[in-house]
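When a ligand or atom number is given, it counts from 1 through the structure's own listing order. A quick note: this is a predicted structure, and the numbers were derived from the prediction, not measured.
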Amino acid sequence: MPTGIVGEFLDLKAETDADVLAMQCGDFYEFFADDAELVADELDLSISQKSSHGSSYPMAGVPLSELTPYVNALVERGYRVAVADQYETDSGDHAREIVRVVTPGTVLETSDDDARYLAAVVREEGARSAAGGAGDAADAGGPYGVAFADVTTGRFLATTVDDGGDLRAELYRFDPAEVLPGPAVRNDDGLLGAVREDLSGRVTAFDPEAFAPGRAEHAVREQFGRETTDSVGLDSELAVRAAGAVLSYVEETGAGVLASMTRLTAYGADDRVDVDATTQRNLEITETMRGDADGTLFDTVDHTVTAAGGRLLREWLTRPRRDRGTLADRLDAVEALSSAALARDRVREVLDDAYDLERLASRTTSGSAGARELLSVRDTLALLPALADAIEGSPLADSPAAAVFDRVDRERAAALRAELDEALAEDPPKAKTGGGLLKRGYDDELDELIERHESVKSWLDGLAEREKRRHGLSHVTVDRNKTDGYYIQVGKSVADQVPEGYREIKTLKNSKRFVTDELSEKEREVLRLEEARGELEYELFEALRERVAERAELLQDAGRAVAELDALASLATHAARRDWTRPELTEERRLDVEAGRHPVVEGTTDFVPNDLRLDPDREFLIVTGPNMSGKSTYMRQAALIQLLAQAGSFVPARAAEVGLVDGIYTRVGALDELAQGRSTFMVEMQELSNILHSATEDSLVILDEVGRGTATYDGISIAWAATEYLHNEVRARTLFATHYHELTTLADHLPRVANVHVAVDERDGEVTFLRTVRDGPTNRSYGVHVADLAGVPDPVVSRADEVLDRLREEKAIEARGGSRGGDGTSASDGPPGDTQQVVFDLSSGSFSEGEEPSSDAAEATDAGSSDPRPNRDGTAPESSSGGAGAVAEAAAAAERDRLDPETRAVIEELSDVDVAETAPVELLSRVQEWQERLE
Ligand code: ADP
């Protein structure tokens, strides 16, 4: 075991469970051994060798003042970094101790304005595991207590959720940078795996004791007082345990921000709208399916001018609510702000100058705020009267926008502002020590020190002149440096004329340096005063910061008011710009939208508005229409209008009556998900399963294709059964887009099911998408039209059209082409160019012989709708393929021979595909591949 500095390092390292240790050695923080290698690797630091008792150790270091960016960079990469500071012991030696462990969830100096959460999750020991593969059927397990703290702002929330699915939804919403799983959760690999899949944050194993009921509750009481757990509605022990663990962790890491965690917000299930992780992704609330921030709902409606406003608006959108009171207040405020354009602009103008008070509160309590930050506090508090002016004389005065603002204790805010104003120098240096932070007149003792300091300094400043005059010397300067201290420097030419009392201390090339007793004394004085001044000033500054920190709650209130006004003004701005309307929140189970638009898409295209009506007589809409006609857009639009209304926003529509929901569930088609590379039939079914388990009669369900990832019969069967179940058992308000037209007949049999379709206009073979949603079903897919749009070669498209027409009318297609000429493999008797009649039986996917449709095939198809489809009982109609298949093939083969080899290969592959047995996803990718090859 090495001793000395490396030994000390390794001892400290053994004390902590941090990944990396930075240890102060004089003016540097050093990393040794493995840690040195790690930081050198990660951060491009150069490595040197430190020998210690015959061994040599890698070493890397950074100057004291540069530690923070290095530590943050390591933390960004997911490491937990311990920092050990050096101190002097009573005996005058140097020792070191760990003062802080910086972790992803407790880092204070973040590079962006986003909230950064630390989460703790607790489950009863012995409770059933959530098993939790992605979207596990029931996502059972639980209940769970979960707490979230943003140490950069002091925001702290806790709740209880019922099961693993809800837990994942909550985690996905807050997107914590670090998760602390409690003892029972830590051993649940399934759940942890799922959490890791959803989140980019780090999972940290923390002392199980911290999650224990007794200790956790104690931590919560210590922080918030005896009554807390009852008064904030933390009714469940699990939520208390999660909150307690978070507090212990924050304390243990030494972030020093406990004092900024001034309140704990408990929120319950009745307040929450269930928006599971999948739905949050599908609706592209804060992130598109591709993972971009641009083009999301948040990006679209965000016109906030402050960081805190942006954070809050994001929170509103990701955490829609159900309590009417809150929503009505927000809507009233948005309404007032949207109609009072002048006042709104004035408010936003003032807000634009605001700094992030919530963050500043945390930085004052942690002791990291410098004079400039306190100035930012002062300047932001100084905006409050201007905001009051903007609100009071305006139409906003009686709105909840004014009420938001009234919650701030403006008298105390003004007092604090005045105190800061009296204390702080106008343009303080960045460094916290070294003077210049405080104003003259703030403190008598300091003023006196400053005066004496300045007077000695001016004595020194005038010394050279005085000496010149007094002793008739030319070339005299007075200066100071580190080794010589203050000195009088005299040019060589006159060096022998210096008066008595000058003691020479150094000879330079052209000059000599002298000191005098008087100068030495003044030097001692100036140094003493300098130090005393700096110390007193920093002491006063710290006391000032301490007093600001004591008012963290006031800062947070003011910061929160700024954020709320900003978020409300942002919603109002968007509503005014885009002509959105106030939704009428109703007690009824309905979603009635007149001329609704998609909030994001309307900004990028000439949008065709559409109506939507879901009510107790019409709960389930089957949406049909061609590919690309606008089904998805229509359904997402419904979900987003619902979500916006429950975030307290106006909505893109002429009028909207919105019954509040307890959850919004979506599952989008395999095709959309293909882009995300997570399209498996299993995932699709897990999502469906989750919806069928979780949705209630107060939920909104959006199903965009179900069953496409499997063979046709399976797909229809599942879609059919899911429709019945949702309609009969769950009774959720549901929009279901499907390309299985069979489902549209359900409207005749199930009372609350109705059909709508996206209309197209077809004239002279030209198909135009109208983007208009009408009542009733459609029975055509216009797949050929889409193939045309996609650039499939004209001969293929027009031929496909003919085939389709034939199929519709007679269920028979002729196979064009003649027999292969003279190669001896011919299976056809007909001459080249002959046309053969064969029947293509859609259900079996094979051809059958005959001039006329075979009776088998006719029966099979007639048993269904006007389209040739499988039998209603779900069984396959009997196949009747026969010898004509061979005839047709031979004819086609002759045709193929005239084509180039690649085209021929494509056609061969095409004809080999078993349509009924191939998943549409697979078909899609194969068609894409063929297209590429044909090009
Ligand atoms: P589908 O789900 O039927 O395949 P999408 O909803 O994906 O169709 O829409 C296809 C395209 O049509 C998208 O590019 C979309 O922007 C556009 N679109 C959809 N609805 C409308 C509308 N009401 N007005 C204008 N464009 C629309």
Ring-face cation of Arg752 near Phe620 (centre distance under 6.0 Å, axis angle within 45°):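 Not satisfied by the 6.0 Å and 45° rule.
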
Atom of Leu327, atom of Ala645 and distance for their closest heavy-atom approach: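 Closest heavy-atom pair between Leu327 and Ala645: CD2-O, 4.0 Å.
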
Atoms of ligand 1 close to [X] [distance to a heavy atom under 4.0 angstrom, numbered from 1]:
X      : answer
Asp606 : 25 (C)
Ser629 : 1 (P), 3 (O), 8 (O)
Pro626 : 3 (O)
Val601 : 16 (O)

Minimum-distance protein heavy atom relative to atom 27 (C) of ligand 1: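 Answer, as residue, atom name and distance: Arg771 CD, 3.2 Å.
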
Protein contact of atom 10 (C) of ligand 1 - nearest heavy atom, named by residue and atom, plus distance: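 So the nearest neighbour among protein heavy atoms is Met628 O, 3.3 Å.
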
How about [X] and [Y]: does a side-chain donor come under 3.5 Å of a side-chain acceptor?
X      : Y      : answer
Gln646 : Gln642 : yes
Thr696 : Asp698 : no
Asp748 : Thr745 : no

Validation row: Val706, Met685 side chains within 4.5 angstrom (heavy atoms):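 Side chain of Val706 against side chain of Met685, heavy atoms only: contact under 4.5 Å found.
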
Min side-chain heavy-atom separation Phe607-Gln637 under 4.5 Å: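 Yes, their side chains come closer than 4.5 Å.
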
Polar atom proximity, Gly630 to ligand 1 (N or O, under 3.5 Å):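 N/O-N/O distance below 3.5 Å exists for this pair.
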
For atom 15 (C) of ligand 1, the option (of Thr633, Asn627, Val773, Asp704) bearing the nearest heavy atom: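 Nearest option to atom 15 (C) of ligand 1, by heavy atoms: Thr633.
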
Part of Val608 with heavy atoms under 4.0 Å of ligand 1, whether side chain, backbone, both or neither: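 Both of them.
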
Under-4.0 Å protein heavy-atom contact, atom 18 (N) of ligand 1: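 When distances to the protein are checked, atom 18 (N) of ligand 1 has a heavy atom within 4.0 Å.
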
